[in-house]
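Each remark here refers to the structure printed beneath this line.
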Amino acid sequence: MTADRAGGVQSLERAFDLLERMADQGGEVGLSELAAGSGLPLPTIHRLMRTLVACGYVRQQANRRYALGPRLIRLGESASRLLGAWARPYLAELVEATGETANMALLDGDEAVYVAQVPSRHSMRMFTEVGRRVLPHSTGVGKALLAALPPGEVRALLARTGMPAATDRTITEPDVLLAELARVRERGYAVDDSEQEIGVRCLAVPVPDAPTAAAISISGPAGRVTDTATDKIVPVLREVAHRLAAALSSSGETPGA
């Protein structure tokens with residue numbers, strides 16, 4: 001590898017690292033924050049950011065801070081559609097095994113966004129539109145995603161979004177949610193018990209080691225998704241999540257094969 005090529009690859013890696021750090025910080029940062037987090041010298045960061053701004057992947061705000069740019073939207077939407085297409089065969093297996101609607105969601109900035117769904121065959125079933133964005137504190141997939149973050153990052157996210165109540169069972173206090181996330185990590189799955197919609201129960205698990213933070217879930221009427229049903233459904237969720245993770249991380253495997 002020539003020196004120029006090596007430098008080009010290194011610059012590309014650094015640019016993507018900066019974009020991911022911006023996303024982790026809610027999408028807007030200053031140069032000093034990037035320098036502190038990345039360990040790169042300010043002149044290097046400034047040069048990379050100028051290039052990203054020129055390409056439309058980053059924009060500079062009036063306050064001289066940098067924000068993720070609009071050209072990333074098209075890339076993200078295309079990637080989300082492809083990820084959803086890969087996930088659907090696995091979600092279909094969940095529906096076949098559990099009888100309930102299966103979903104997949106990603107953590108996108110401060111929100112959970114649904115990227116795939118396979119509906120239950122029951123006449124009474126749950127439906128969430130693909131592309132819908134929700135605050136993570138009141139959903140099963142959101143809790144599964146938040147449980148993977150350090151408590152400090154969760155508090156910062158909650159400070160940005162607030163914790164509005166979707167129902168009278170929604171957790172609205174950061175300390176209570178952090179305690180719940182500790183339980184999620186301990187037992188390996190998250191529960192939304194009528195916290196997003198009255199009468200609806202959701203069970204969710206993270207997709208381990210996925211290229212981006214992801215979770216899968218099943219949702220259905222509380223009368224069907226009982227504690228007894230939970231004991232049977234959670235092992236299926238975990239098994240499917242591990243196989244989906246393996247498919248997504250393997251360049252040689254076709255997901256769903």
Side-chain angles (χ1 to χ4, degrees), residues 1-84 86 105-113 115 131 133 135-137 142 144-162 174 178 181 185 206-215 245 248-252:
M1 182 181 291
T2 67
D4 286 346
R5 186 180 174 192
V9 171
Q10 185 182 62
S11 293
L12 188 60
E13 290 175 345
R14 287 173 169 178
F16 278 118
D17 179 66
L18 293 178
L19 289 172
E20 292 191 2
R21 290 179 185 279
M22 292 178 71
D24 291 341
Q25 294 296 318
E28 181 178 328
V29 296
L31 286 179
S32 59
E33 295 168 71
L34 287 174
S38 68
L40 295 174
L42 275 173
T44 299
I45 295 174
H46 194 258
R47 174 174 55 81
L48 292 170
M49 296 303 281
R50 279 204 315 268
T51 301
L52 290 169
V53 168
C55 293
Y57 296 115
V58 170
R59 55 192 174 87
Q60 190 168 20
Q61 310 280 65
N63 60 6
R64 302 190 65 78
R65 290 168 66 81
Y66 290 89
L68 295 176
R71 287 198 68 182
L72 290 171
I73 296 173
R74 183 167 66 92
L75 297 180
E77 288 177 345
S78 296
S80 292
R81 283 195 298 270
L82 183 57
L83 187 58
W86 284 343
L106 309 178
L107 189 61
D108 184 22
D110 291 343
E111 298 173 314
V113 57
V115 296
R133 292 173 172 272
L135 295 181
H137 70 284
L145 292 164
L146 290 181
L149 299 179
E153 289 187 23
V154 175
R155 286 188 184 276
L157 183 151
L158 297 175
R160 293 190 296 267
T161 64
L178 287 168
L181 296 181
R185 289 189 291 273
V207 179
D209 302 317
T212 187
L248 292 174
S249 63
S250 172
S251 59

Taking only residues two or more places apart in sequence or in another chain, which ones pass side-chain contact (heavy atoms from CB on, under 4.5 Å) with [X]?
| X | value |
| --- | --- |
| P208 | A241, H242, A245 |
| A214 | M104, L106, V207, A210 |
| P206 | A144 |
| L145 | L107, A112, A213, A215 |

Flag if over 12 foreign heavy atoms under 6.0 Å of CG, D209: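 No, the 6.0 Å shell around CG holds no more than 12 heavy atoms from other groups.
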Report yes if some heavy atom in the side chain of L178 is under 4.5 Å from a heavy atom in the side chain of R155; otherwise report no.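 Sidechains of R155 and L178: in contact.
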Check side chain to side chain donor-acceptor pair (under 3.5 Å) between R64 and all other residues, then give those that pass, not counting sequence neighbours.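 Side chain to side chain donor-acceptor pair (under 3.5 Å) list for R64, sorted by chain: empty.
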Heavy-atom pair of closest approach, residues Y66 and V58: CD2-CG1, 3.7 Å
Distance-minimising heavy-atom pair for L157 and P136: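 For L157 and P136, the tightest heavy-atom pair comes out as CD2-CG, 4.0 Å.
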Please enumerate all residues that pass salt bridge (charged side-chain N to carboxylate O under 4.0 Å, His left out) together with [X], with sequence neighbours excluded.
| X | result |
| --- | --- |
| R59 | none |
| E153 | none |
| E20 | none |

For the atom pair CG (L52) and CD (Q60), what is the distance rounded to the nearest 0.5 Å? 12.0 Å
Determine which pairs satisfy salt bridge (Lys or Arg N to Asp or Glu O under 4.0 Å) with at least one residue from residues 27-44, sequence neighbours left out, and list them in order.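 Qualifying pairs: E28-R65, E33-R65.
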Could you give the side-chain donor-acceptor pairs of residues 36-49 under 3.5 Å, partners two or more places apart or in another chain?
residue : atom : partner : partner atom : Å
S38     : OG   : L34     : O            : 2.7
S38     : OG   : L40     : N            : 3.2
H46     : ND1  : R50     : NH1          : 2.8

